[in-house]
Amino acid sequence: MEREIIITSDGSTTIHIPAWNEQYHSKHGAIQEAYHVFIKHGLEFVAQDQLSILEIGFGTGLNCFITYLESDKEIDYVGVEAYPVDEKEIKKLNYVSELKAQKKSEIFNKMHGISWEEKHKIDDRFQLEKRQQFFKDIKDKDAFNLIYFDAFGARVQPELWTEEIFSIMFDALKNEGVLVTYAAKGSVRRAMEAVGFTVERLPGPPGKREMLRAIKK
């Protein structure tokens with residue numbers, strides 16, 4: 001499927017899929033969305049000093065890179081992606097410059113350069129494992145404190161926003177674990193609640209009125 005690099009409203013890039021009219025990150029601001037949804041309402045909300053994070057849709061690596069930049073906690077990060085972004089596309093992404101993180105450019109490159117299906121030490125406090133895997137095939141149980149649920153939207157991939165998928169997410173989280181997503185559709189919230197999550201609506205990132213945060217209690 002054809003993909004192209006576009007500039008979003010905050011100046012940061014994302015990957016656009018013309019056939020779906022869908023982006024990897026918000027066209028209203030890729031970096032702004034990542035900070036608002038996953039850092040402010042996810043990473044900063046979870047209190048533990050040692051964190052295990054599962055990202056659903058590793059994609060461009062933006063959420064992983066910002067998590068590295070913004071946290072001094074010990075983090076074990078797992079990114080799941082069925083269709084990895086290729087090297088040519090990665091080189092066109094401007095996250096290092098837009099985040100003014102030139103001194104950490106080697107970290108961004110390392111995150112993309114490491115092999116898949118293995119755990120790698122990015123530095124003394126950050127481990128990363130990238131898995132090429134369909135979300136329905138995730139088997140982890142009571143493993144994560146936090147899930148970044150950043151799949152393509154329900155408009156184009158409704159099968160990723162079902163009770164079946166959220167049951168897998170519920171099982172993958174530890175007790176009191178948190179899932180955050182940019183989505184706010186009523187059907188998504190009901191699917192989360194049906195499998196046992198306690199769900200709250202929160203103000204959304206630029207371009208969206210609301211987002212969801214779900215807690216496993």
Side-chain angles (χ1 to χ4, degrees), residues 25 31-81 84 95-96 99-101 103-133 135 137-151 165-183 192 195-200 202 205 211-217:
H25 306 285
I31 286 176
Q32 286 184 109
E33 178 192 51
Y35 269 99
H36 183 88
V37 176
F38 303 110
I39 304 304
K40 179 179 179 181
H41 292 298
L43 184 68
E44 294 178 359
F45 178 76
V46 178
Q48 287 90 341
D49 290 330
Q50 295 179 309
L51 278 183
S52 50
I53 299 175
L54 172 65
E55 181 176 11
I56 299 300
F58 183 78
T60 65
L62 175 60
N63 297 328
C64 183
F65 187 50
I66 291 178
T67 298
Y68 174 86
L69 294 176
E70 294 299 326
S71 179
D72 57 3
K73 298 178 179 182
E74 290 186 27
I75 292 178
D76 189 346
Y77 198 105
V78 175
V80 176
E81 177 62 56
Y95 303 140
V96 170
L99 289 163
K100 297 180 173 55
K103 291 182 179 179
K104 299 295 182 181
S105 62
E106 76 283 356
I107 296 292
F108 183 73
N109 294 334
K110 186 174 183 179
M111 288 174 170
H112 283 290
I114 58 174
S115 57
W116 292 70
E117 318 305 336
E118 295 180 297
K119 193 177 293 293
H120 295 267
K121 203 169 186 179
I122 300 301
D123 70 7
D124 289 342
R125 62 176 179 82
F126 199 101
Q127 293 189 104
L128 172 61
E129 177 187 353
K130 299 185 298 183
R131 300 181 193 165
Q132 189 170 0
Q133 184 180 34
F135 306 151
D137 296 329
I138 292 169
K139 305 295 186 188
D140 302 86
K141 304 294 183 186
D142 302 310
F144 300 100
N145 306 108
L146 177 60
I147 294 176
Y148 295 164
F149 199 90
D150 200 14
I165 295 296
F166 287 118
S167 179
I168 292 168
M169 299 299 106
F170 189 88
D171 289 345
L173 282 170
K174 298 177 181 180
N175 191 40
E176 299 295 330
V178 174
L179 180 152
V180 282
T181 184
Y182 63 87
M192 290 176 174
V195 303
F197 279 114
T198 299
V199 185
E200 57 184 327
L202 299 167
M211 58 164 281
L212 298 176
R213 180 166 63 202
I215 302 174
K216 176 179 179 176
K217 293 186 181 290

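All values below were derived from every heavy atom in this structure, side-chain atoms included, with hydrogens, water molecules and symmetry-related copies excluded. Small disclaimer: the values here were computed from a predicted structure and weren't measured.
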What I'd like to find out is whether the side chain of S115 reaches to under 4.5 Å of the side chain of H120, using heavy atoms alone. yes

Side chains of V180 and Y148, heavy atoms from C-beta outward: is any pair under 4.5 Å? yes

Applying salt bridge (charged side-chain N to carboxylate O under 4.0 Å, His left out), can you list everything that pairs with E81, at least two apart in sequence or on another chain? none

Minimum side-chain heavy-atom gap D150-I56 below 4.5 Å: no

Among residues at least two apart in sequence or on other chains, which ones pass side chain to side chain contact (heavy atoms under 4.5 Å, CB included) with D123? Y68, R125, F126

So, for G113 and K130, which heavy atoms are closest and what is the spacing to 0.1 Å? N-NZ, 4.4 Å

Does any N or O in the side chain of K216 come within less than 3.5 Å of the main-chain N or O of V178, such that one atom is a donor and the other an acceptor? no

Qualifying residues under salt bridge (charged side-chain N to carboxylate O under 4.0 Å, His left out), relative to K103, sequence neighbours excluded: none

Mind listing the closest non-hydrogen atom pair of A214 and V199 along with its distance? CB-CG2, 4.1 Å

With a 4.5 Å limit on heavy-atom distance, are the side chains of I138 and Q133 in contact? yes

Do C64 and M111 make a side-chain contact, defined as non-hydrogen atoms from C-beta onward lying under 4.5 Å apart? yes

Which of parallel (below 30°), tilted (30 to 60°) and perpendicular (above 60°) describes F166 and F149? tilted

Where the side chain of K139 meets the backbone of I168, is there a donor-acceptor pair that is under 3.5 Å apart? no

Taking the side chain as everything from C-beta on, heavy atoms only, tell me whether V78 gets closer than 4.5 Å to R131. yes

Pairwise side-chain contact, Y35 with I66, heavy-atom cut-off 4.5 Å (strictly under): yes

Please report the shortest heavy-atom distance between L173 and L146, naming the atom on each side. CD2-N, 3.9 Å

Looking only at side chains, do H112 and T60 share a donor and an acceptor under 3.5 Å apart? no

With no hydrogens and no angle check, is any side-chain donor or acceptor of R213 less than 3.5 Å from a backbone partner on L202? no

Calculate, to the nearest 0.5 Å, the distance between atoms CE and CD belonging to M211 and E200 respectively. 8.5 Å

Report yes if some heavy atom in the side chain of H36 is under 4.5 Å from a heavy atom in the side chain of I39; otherwise report no. no

Compare every heavy atom of G79 with every heavy atom of L128, then report the nearest pair and how far apart it is. CD1-N, 4.5 Å

Sequence neighbours excluded, the answer for ring-ring contact (aromatic ring centres under 6.0 Å, His included) partners of F170 is F197

What side chain to side chain donor-acceptor pair (under 3.5 Å) pairs are there with at least one residue in residues 167-182, not counting sequence neighbours? K141-D171

Is the shortest distance from a Lys or Arg side-chain nitrogen in K104 or E106 to a carboxylate oxygen in the other one below 4.0 Å? no

Return a table of donor-acceptor pairs under 3.5 angstrom between the side chains of residues 42-55 and protein atoms on other chains or two or more places apart.
residue: Q50; atom: NE2; partner: E74; partner atom: OE1; Å: 3.0
residue: S52; atom: OG; partner: A143; partner atom: O; Å: 2.9
residue: S52; atom: OG; partner: N145; partner atom: N; Å: 3.2
residue: S52; atom: OG; partner: N145; partner atom: OD1; Å: 3.1
residue: E55; atom: OE1; partner: Y77; partner atom: OH; Å: 2.7
residue: E55; atom: OE2; partner: N63; partner atom: ND2; Å: 2.8

Distance from K121 atom NZ to K110 atom NZ, nearest 0.5 Å? 9.5 Å

